[in-house]
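In what follows, a structure is listed as structure tokens, so that the remarks can point back to it.
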Amino acid sequence: MTTLKAPLKTTEKPHQTMEEKMNTLRAGVLGSNDGILTVVGVLFSVAAATTNNFTIFIAGLADLLACAFSMAAGEYASVSSQSDTEKAAVAIEKARLKTAKDDQIKEVQAFYEAKGVTSETALAIAKDLMHKKPLATIVNVKYDLELGHYMNPWAAAFASLFSAAFGGVFPLVTMILLPEAYKMTGTIIAVTIAVSITAFISAKLGDGKVKVSIIRNILIGLITMAIHYGIGQLF
């Protein structure tokens with residue numbers, strides 16, 4: 001006798017929207033850039049005051065860890081606030097569906113009219129959408145949100161944590177491994193290349209001017225190193 005087994009239920013993870021992916025990627029790029037500049041600043045301060053490799057390494061490592069966790073905490077707090085705001089907006093519209101649904105239909109109608117749809121057609125679309133998926137429709141129209149998809153603070157925090165740590169490792173390893181005669185020059189070159197890459201990615205993500213972004217990031221990096229080197233020389 002053959003017994004039929006019920007098919008196993010699989011829980012499909014909801015897909016990430018492009019905005020969610022971009023937010024995580026943005027946190028990673030910014031974290032990497034901050035990790036590079038923060039750590040190299042400390043390295044130049046200490047290297048200008050001492051040639052002891054172990055001292056330079058410990059100072060750089062301590063700053064790398066502090067920077068990574070600080071960036072992660074900042075991203076978590078920032079994105080949590082945004083996520084809470086999005087959820088609050090959804091809750092407000094959910095409550096309004098019970099008391100002011102007609103007003104919401106008019107808002108959806110106005111949205112489509114603004115896109116060039118005739119008043120009659122816009123009203124028909126609004127009524128149809130608000131009948132089939134009212135909450136998803138109104139939050140998408142009013143807030144440009146996809147229902148159930150909120151910014152993930154943990155994703156942003158971990159992206160920032162690991163990218164800041166990775167960015168900080170780059171100047172730290174360069175400074176420690178290079179011979180004494182090439183430490184400063186080699187680190188400057190390495191950091192210039194690194195911040196150029198982060199600037200390029202950042203500009204592409206934000207549809208900004210690539211050349212301006214790269215030049216700006218290089219100047220900030222050079223100024224950062226110069227200021228910290230000067231501080232190290234003073235003390």
Side-chain angles (χ1 to χ4, degrees), residues 21-83 151-178 182-206 208 213-235:
K21 292 176 182 177
M22 292 294 285
N23 184 66
T24 302
L25 189 55
R26 173 201 58 80
V29 173
L30 291 177
S32 181
N33 197 66
D34 280 3
I36 294 166
L37 294 178
T38 302
V39 172
V40 80
V42 170
L43 289 174
F44 265 61
S45 295
V46 179
T50 179
T51 57
N52 187 295
N53 241 14
F54 184 72
T55 302
I56 296 171
F57 172 74
I58 292 299
L61 181 62
D63 186 67
L64 182 152
L65 294 173
C67 173
F69 282 101
S70 175
M71 286 292 297
E75 278 294 333
Y76 181 83
S78 175
V79 178
S80 289
S81 177
Q82 182 179 350
S83 178
M151 290 301 161
N152 189 334
W154 286 109
F158 281 119
S160 190
L161 174 71
F162 291 117
S163 61
F166 178 76
V169 164
F170 194 68
L172 179 59
V173 170
T174 305
M175 177 73 78
I176 296 302
L177 295 183
L178 284 177
Y182 303 105
K183 278 188 187 297
M184 295 296 188
T185 304
T187 304
I188 290 172
I189 294 171
V191 168
T192 300
I193 294 170
V195 296
S196 296
I197 293 171
T198 58
F200 175 82
I201 297 172
S202 180
K204 286 295 184 180
L205 290 177
S213 181
I214 291 174
I215 292 172
R216 181 173 58 234
N217 237 26
I218 290 174
L219 287 175
I220 290 171
L222 293 175
I223 292 170
T224 298
M225 289 183 280
I227 291 172
H228 283 83
Y229 182 78
I231 292 171
Q233 288 282 51
L234 287 174
F235 297 98

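What you see is a predicted model, and the numbers here were worked out from it, not measured in a lab. Scope of the values below: all heavy atoms of this structure, side chains included, with no hydrogens, waters or symmetry mates.
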* Check: Ser196 side chain, Thr192 main-chain N or O, donor-acceptor pair, under 3.5 Å -> yes
* **Smallest separation among heavy atoms of Leu178 and Gly186, with atom names** => CD1-CA, 3.5 Å
* Assign the ring pair Phe158 / Phe162 to parallel, tilted or perpendicular, where the plane angle (0 to 90°) is split at 30° and 60°. => parallel
* Closest heavy-atom contact between Asp34 and Cys67? -> O-SG, 4.0 Å
* Leu43 side chain near Lys183 side chain, heavy-atom distance below 4.5 Å -> no
* Sidechain-backbone polar pair: Thr174 side chain, Thr187 backbone, donor-acceptor under 3.5 Å -> no
* Structure fact -> Output for pair (Ile193 CD1, Phe170 CZ), nearest 0.5 Å, gives 6.5 Å
* Looking only at heavy atoms, what is the nearest atom pair of Val195 and Leu37, with distance? -> CG1-CD2, 3.8 Å
* Kindly give the heavy-atom pair with the smallest separation between Val191 and Ile36, and that separation in Å. => CG1-CG2, 3.9 Å
* **From CD1 (Ile188) to OH (Tyr182), nearest 0.5 Å** => 15.0 Å
* **Leu172 to Gly60 - nearest heavy-atom pair and separation** => CD1-CA, 4.0 Å
* Tell me, do Asn217 and Thr198 make a side-chain contact under 4.5 Å, heavy atoms counted? -> yes
* Structure fact -> dist Ile227:CD1 -> Ile223:CD1 (nearest 0.5 Å) comes out at 6.5 Å
* **Min side-chain heavy-atom separation Val46-Asn52 under 4.5 Å** => no
* Structure fact -> Heavy-atom nearest pair, Ser160 first then Gly31, reads OG-CA, 4.1 Å
* Using the six-membered ring wherever Trp is involved, compare the ring planes of Phe44 and Tyr229 and label them parallel, tilted or perpendicular (cut-offs 30° and 60°). => perpendicular
* **Heavy-atom side-chain contact between Leu222 and Met225 under 4.5 Å** => yes
* Verdict with reasoning, Ser202 to Asn33, per side-chain hydrogen bond (donor to acceptor under 3.5 Å, both in side chains) -> CA-CA 10 Å; Ser202 180; Asn33 197 66; over 6 Å; no
